[in-house]
Structures are given as structure tokens and as C-alpha cells.
Amino acid sequence: MLQLLADGLIVGSVIALGAVGLTLTYSILRFANFGQGEFMTWGAYLAVSALSFVLAMTGGGVMEPIGPFSFGWQLIAAMIMAATLTALLALLLDWLLFRRLRHGNAITLVIASFGAALALRNLVQFLWGTLPEYYTREIQISLRLVPRDVMGGLRITPDQMLVIAMTMIVVIGLHLLLTRTTLGRAMRATALNPALARVAGVDVNAVVRATWIIGAALAAIAGVFAGIVGQIRPMLGFDLLLPLFAAAILGGIGSVWGAVLGGFIVGLAESFSVPIFGAEYRAATAFLVLIAILLLRPTGLFGEKP
Amino acid sequence: MIPALEFNAIEGGYEPGLPILRGASLTVMPGEIVALLGPNGAGKSTMVKAAAGLVPIWVGTVRLNGRDITATPAHRMVHEGLGFVPQTENVFTNLSVLENLLLAAALVPKARRGSLDRVFALFPDLDRLRKLAAGRLSGGQRQMLAVARALIASPSVLMLDEPSAGLSPKLVGVVFERLRAVRDAGVTILLVEQNVKAALAIADRAAVLVEGRERLVGRATDLADDRRLASLYLGGGLEEA
């Protein structure tokens, strides 16, 4: 029981970060970006290359782990570089593709994002190959936090605990950005009413750029977290796309805390479904959650009725 | 004297080939309150939206204190000194009252700290409600916040699109009284209104727009008794009065 809870929170952390980026993009750019999952994949792979670069530059080529974790400071540096590069990739994609379609139909943008996702996924396979990658080959022994006779016990690795904690720190940071800074208020204002935002003096194009940067950077961090607790594969982001949408819709499109809560609920639902339906049906759980939300509360937990 | 705001034979609209404004001209002098009147569909709202940069102008110019602002992007208008209060959805309902004002203050460098105190002095109710979400304000309070938001940037000209819409007659009186105070503080006002009586009571001059062109311009006190005004509203021409 406790183990399923922990597993759900770990998966939920990755989903939550990706879903926050998705919900931000949707509320400000006004289209469902099917490329969000690919930003996660690109973030994870760019961190692989950035890590090789950092290790080569610092000499030795060996990463000394920090404390109980399986990785050293070099991976943190690589993650920051990957988030920056993924944000630049998103800006490039906007400049090449979405900017030209912004004044048209939202469906056009959605279909364009499908195409972009397909191109990005294949480009990953072309550049990095199809074999799984890892940030470190260090073997981490999970810690027994709760004995087996208490609710089935709980074992968790320091890396997994760090991913959950870091997710909460990133989300709180984003919350402070949105509520305490001019950029955050401008983003919320633009999400509600772009025309009024322009009249009030908001440079909506700058807000759009900031949204791409933040959404892509969050996706990249989520991708790196997924790589830390699992393996890095070209389908990493694609496989998480449905849970991302389920989380964003469950939370209520446009709500950051809703997306976070939705991410954890989808993660927990996937985890708790394993002993009931078997691991092979785990991925289908997100489908069930999505269908249930659309039937029972289409506006999501924190969404406003139109 | 250089006009505070000057529309010079402007043509424009939402869709190319479908003009709403057909050569409209209007001059607003510094310190004036000018009411822009006219029947539904005359192009009144489109005219102020065009000046605010929200509707394309194809032909003609708009000048603010002598500077050509025809091609200035909407988000730069507050920096030029032109404030605009739209008719509906004119506050950010997902932001608190204070956040609405802080956003406006932060975006315009010339809006110093004192501007917040200044608008709170003009609209004391908002000071009391500063932590409340703007979406929970009453119609009158929202209108006050919308005007306060526009005033934060210290505009030289303020354009308002039907500030009386949806308000009770008593609240209309309160809002218009505040607008008079805004003008007394040195802000020139261009007011689009359907409430002709209330608008003419507060305005110095008025213009009647019909089918995208000004048809009648004069002193508000004169127009209040002018039978041609009713004729234009009823679809007739000037010659029928």
C-alpha cells in the first residue's frame, strides 16, 4: 500500500511538471500542444549530451555522486543547460511554425503540434539512436523507510525522494512567479483576456515567448527527472502524453495547482491499478481517468464553468 | 493649441473590405470631455478601439498631442499617454483589485508609487477592497477599477467605451461624477455613450457618429435641445429635422 503510494508520487511528479507546462501553454497560447511530451524527451536527451560535455570539460569524465544520490553536480549543471536549450528549441519552433498559424483556427495549431511532435521524435532517434540511455550506471540501493509488516512496507531510493521534493520546489517557485512578479501577473492577465492585457500595456508577444520558455523548461526538467528514476528512451515523452493531458484536464485547464494535483492523482491511479489489473494495463489507467473526468466534471477540479 | 486627440478622416474595420469607419474625423481639445454618440452600429466603439490600436486603421491618421499614433501597437499606447477602458470585460477578474493596479503600474515606468495612492484617493472603495478578486466586484465597483487601472499610467487622454452600460441610474451618476473629477485633475476624456442624457450632462462637446462618419458636432448644451440628434438616432438625416 505505502509502496504503491510512493511509486504513484514519483510517476506523478514527472506527470505534474509536464502537465503544468501543458496547462500554461493551453491557457495563454490557446491550443493543446501535442509537442509537450517531445520537449520532455528532448530535455532528457539534451541533458545526456550536456552531461558528456560537462564531464569532458571538467576532466576525468567521471561523475562523483553527491551524498546518497546516484549523480553529481555535473548532472544538475547538465539539467540547467538542457532546460535552456529546450526553451530555445520551443522558441525556434514557435518562430518557424506556430507564430505563422496563431491568428488562424486553434485546430490548425493542434494539428501543427502533432506534426512538430512527430518530427521532433524522429529527430531524437536520428541524433541519439533508439537504445536506452542513462545518466549514471551507479547502482542505488533503496532505503527501507517503513518495515514490511506496516502496510506492506516502503522502500525508496534517495534519487526518487529528491525527484518528489524537487518537483514541489519547482512548482512553488512557479506559483511565486505567477503571483508575485509582473511577468506572472501579465501571464495571468493574458490568459484571461489578451485584448485587455494589450490595452493595459502588456506586450503579449513577450508573454507568449515567456510561456514557451517556462513550459519547455519545465518539460525538460520533467524529462531529466524521468531519466533519473528510469531510462531515457525516444518514446519517453510520447508515452507520457496521455497522462499529461489527463492531469491537465483533471486539474482544470489553466490551473497550475490543478495540473499538479491532477499529475499526482493520475500517477497514483496508475500505481494503484497495477495490483488490480496488472502492470500491462497500467498505461490504460490514464485513459480511464480522462474518460471519467470528461463524463463527470468536464471543467476539471479547479476549472471554471464557461 | 494642439488637440489632445485628433482623428483625421479614418477608415478601418475588423475585416478587410468591410469598413466600419468611413472617413470619421473628430478633434478633442486638452481638458475637454467629449461625448461620442450615435445609434447602434454607427462605429462609436470601433472608433475608440481603432485609436487604442485594437482595430486596424486603413486610411487616415490618429494624433495624440500632435504625435501620429496610427501605427503604434496597442500595448505601447499607455506609454504614449492614451488610456482606454473597454465596455465589457474591462478588469482582470482572476487578479485581485490590487494586482490589477500593480500590473498596470509595473508596466509603465512613469507610473510611480504615488499613482497608486492617487487612484485610491479618487476611488476610496477600491482601497477597502484591494485584496478582493476583481471577479467578485459589483458592476459599479468593476467600472471604478477599470477607470483606476487606466489612470494608474497617468494618461493625458482617457477613452471610455460606454462606462454606464449595465449600471443603475444612481451608479451612473456616481461613475460620471468621478469622471468629472478625473477631468478636473487634468485628464482629457473621450466618452462613447448610449446614455445620451447622462453623457450630454457631463460633456463639454459631443459628436454624433452615423454609419462610420461624424454627422453632427457641437456644444453638449446645444445638442441636448437639438431635434436633429433624435432624427439621427431614428435613422433619419439632418435635413429631416
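Naming: A, B, ... by sequence-line order, numbering from 1 per chain.
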- request: Would you check, one step at a time, whether the test side-chain contact (heavy atoms from CB on, under 4.5 Å) holds for B:Tyr14 with B:Ile20?
  value: CA-CA 8 Å; B:Tyr14 300 92; B:Ile20 307 289; 4.1 Å; yes
field: Region of B:Val85 in contact with chain A, defined by heavy-atom distances below 4.5 Å
entry: neither
Closest heavy-atom pair and its distance - B:Arg149, B:Asn100: CG-O, 3.8 Å
field: Plane angle bin for A:Trp212 and A:Phe98 - parallel if under 30°, tilted between 30 and 60°, otherwise perpendicular
entry: parallel
field: Segment of A:Ala191 engaging chain B (4.5 angstrom heavy-atom cut-off)
entry: neither
- request: Indicate the atoms forming the closest heavy-atom contact of A:Thr211 with A:Leu24, along with that distance.
  value: CG2-O, 3.8 Å
- prompt: Relative to chain A, which of B:Lys49, B:Glu89, B:Met77 shows the most heavy atom pairs under 4.5 Å?
  reply: B:Glu89
